[in-house]
2 protein chains.
Amino acid sequence: MPSPGPTFEVLADPTRLGIVERLRSGERNVGALASSLSVCQPGISRHLRILHLAGLVQVRAEGQKRFYSLRPQPFRDLDDWVHELRHLTEGRLDRLATLVEDRAPGSRSARPARWRG
Amino acid sequence: MPSPGPTFEVLADPTRLGIVERLRSGERNVGALASSLSVCQPGISRHLRILHLAGLVQVRAEGQKRFYSLRPQPFRDLDDWVHELRHLTEGRLDRLATLVEDRAPGSRSARPARWRG
DNA sequence: AGCTTATATAATCCTAAGAATATGTGTTTG
DNA sequence: CAAACACATATTCTTAGGATTATATAAGCT
C-alpha cells in the first residue's frame, strides 16, 4: 500500500491542478497552458518542472515547442490508495460514528460549516 | 466532475496525511495521535481543525476525550475524480486533442513515441 | 546573419503555513 | 473546591514556496 504523499503535495497547488485538468483532454505546449491559466510563462514552466520531477507529466519536443502530457502511473497509484480508503470509510467507521453521534443529544454538531467560503 | 482542490491541499501536509492513515483503522483521540505522530499536541489539534473544516473528519466527545474519525464523503469525491482521470490517461483519446490543436502541415507523427506506464 | 518565437533558468520579493511555547476552557476526581 | 487531565486557542517565529521581472538558450524565419 504505497502512500501517495508527494502526489498530494504536487496537486495541492491550484495552478498545477489546473494544468492537470487541462491535460486531461490531451497534450498541450507551454504557451497554450500559460494563456489558458492566468499565470506568467515562467510560472507555468516552473510548475511543469515540478510536475515532471514528480512523474506526473512527460514531455515531447517538437520544433521549438514542448508538449506536455499526463503519465498514467501516478494516477493509478493515487486511485488505488483512495479507492481502498473509500471502502474502509464506507464499511464500518461511518456507521459507528453516526450511531454514537445520535445518542449524544447535547453535543455540538459534528459537521463542519464550510470550507473557505 | 467536482474538483477536489481543497482535499488535495489538506492532504498535502505529511502530518495530516499521517492522521488520515491512522484513522483508517478506526477512531482515535487527540492524545493517541499526538504520541503516535511526533508532533506536539497543539499541532495535532490545529491539523485536526483543518481536517474538520475541510469535512474530512468528524468528532465525537466522550468525557474529556474527543475521538476523531474519517468522513466518507470527501473520499468518495476524490475517488470519483481520480478514477475518471485514470481511465482518461489509460485510453488513447488524448491523441484527438493533439490533432485538433496542432495542425502543423509539415509535421509528421505528432504522437508520443511510446506511452510508458 | 539577424530577428522573432518558445521555453527554461536566475534572482528577488512576499505571503502563507507549520512548529513550539504558553495559556485558556472544560471535565473528571478527590 | 482544588487539582489533574484532555484538548483548544493565542502568540511568536521561522521557513518554504509561489509570483514577477529579467535574462539565457535554442529553434524557425527572412
Side-chain angles (χ1 to χ4, degrees), chain A residues 5-20 22-23 27-54 56-69 104 106-110 112-113 115-117, chain B residues 5-20 22-23 27-54 56-69 101-108 110:
Chain A
T7 302
F8 284 130
E9 297 177 21
V10 168
L11 294 179
D13 181 81
T15 300
R16 288 195 289 267
L17 188 61
I19 290 176
V20 167
R22 273 153 188 81
L23 293 184
E27 60 176 14
R28 308 239 192 265
N29 65 326
V30 183
L33 291 169
S35 60
S36 172
L37 304 153
S38 51
V39 182
C40 59
Q41 174 264 318
I44 298 291
S45 286
R46 191 173 45 81
H47 285 300
L48 284 171
R49 181 175 177 274
I50 295 173
L51 286 163
H52 187 240
L53 279 174
L56 294 188
V57 300
Q58 58 193 29
V59 207
R60 176 179 69 89
E62 179 179 322
Q64 49 182 354
K65 295 187 178 179
R66 308 191 56 137
F67 287 91
Y68 285 83
S69 55
S107 62
R108 26 181 183 163
S109 83
W115 174 252
R116 277 222 305 216
Chain B
T7 302
F8 283 131
E9 297 177 23
V10 168
L11 294 179
D13 181 81
T15 300
R16 289 194 288 267
L17 188 61
I19 290 176
V20 168
R22 273 154 189 82
L23 293 185
E27 59 176 13
R28 302 277 157 90
N29 65 325
V30 182
L33 291 170
S35 60
S36 172
L37 305 156
S38 51
V39 182
C40 59
Q41 174 262 318
I44 298 291
S45 286
R46 191 174 46 82
H47 285 300
L48 284 171
R49 181 176 177 274
I50 295 172
L51 285 163
H52 187 239
L53 279 174
L56 294 187
V57 300
Q58 54 193 161
V59 208
R60 174 178 70 90
E62 180 177 318
Q64 48 184 355
K65 295 187 178 180
R66 305 186 54 115
F67 287 90
Y68 284 84
S69 55
E101 189 133 339
D102 176 39
R103 292 178 298 177
S107 71
R108 18 219 212 102

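Computed from a prediction, not measured in an experiment: that's the story for all the values here. Each chain gets a letter, A, B and so on, in the order the sequences are listed, and its residues count up from 1. Only heavy atoms go into these numbers, but all of them, side chains included; no hydrogens, no water, no symmetry mates.
Using the six-membered ring where Trp is involved, F8(B) and F8(A) have ring planes that are tilted, between 30° and 60° apart.
Residue Q41(A) places no side-chain atom within donor-acceptor reach of the base of dA6(C), judged by atom type and a 3.5 Å distance cut-off alone.
Mapping V59(A) and V39(B) onto DNA chain C by nearest heavy atom places V59(A) closer to the 5' end of the strand.
OP1 or OP2 of dA26(D) has not a single side-chain nitrogen or oxygen of R66(A) nearer than 4.0 Å. For H47(A), no side-chain nitrogen or oxygen approaches OP1 or OP2 of dG17(D) to under 4.0 Å. OP1 or OP2 of dA19(C) lies within a sub-4.0 Å distance of a side-chain N or O belonging to T15(B). Between N29(B) and dA6(D) there is no side-chain polar atom (N or O) within less than 4.0 angstrom of OP1 or OP2. Here R49(B) does not reach the OP1 or OP2 of dC7(D): none of its side-chain N or O atoms lies under 4.0 Å away.
Going from atom OG of S36(A) over to atom CD1 of I44(A) covers 8.5 Å, rounded to the nearest 0.5 Å. Atom CG of L51(B) is separated from atom CD of Q58(B) by 12.5 Å, given to the nearest 0.5 angstrom. Distance check: R49(B) CZ to Y68(B) OH gives 10.5 Å after rounding to the nearest 0.5 Å.
Residue G63(B) is in sugar-phosphate contact alone, with no base atom involved, counting any heavy-atom pair closer than 4.0 Å across all strands shown. At a threshold of 4.0 angstrom between heavy atoms, the contacts of Y68(A) are confined to the sugar-phosphate backbone, with no base atom among them. Across all strands, R46(A) comes closer than 4.0 Å to base atoms (heavy-atom distances).
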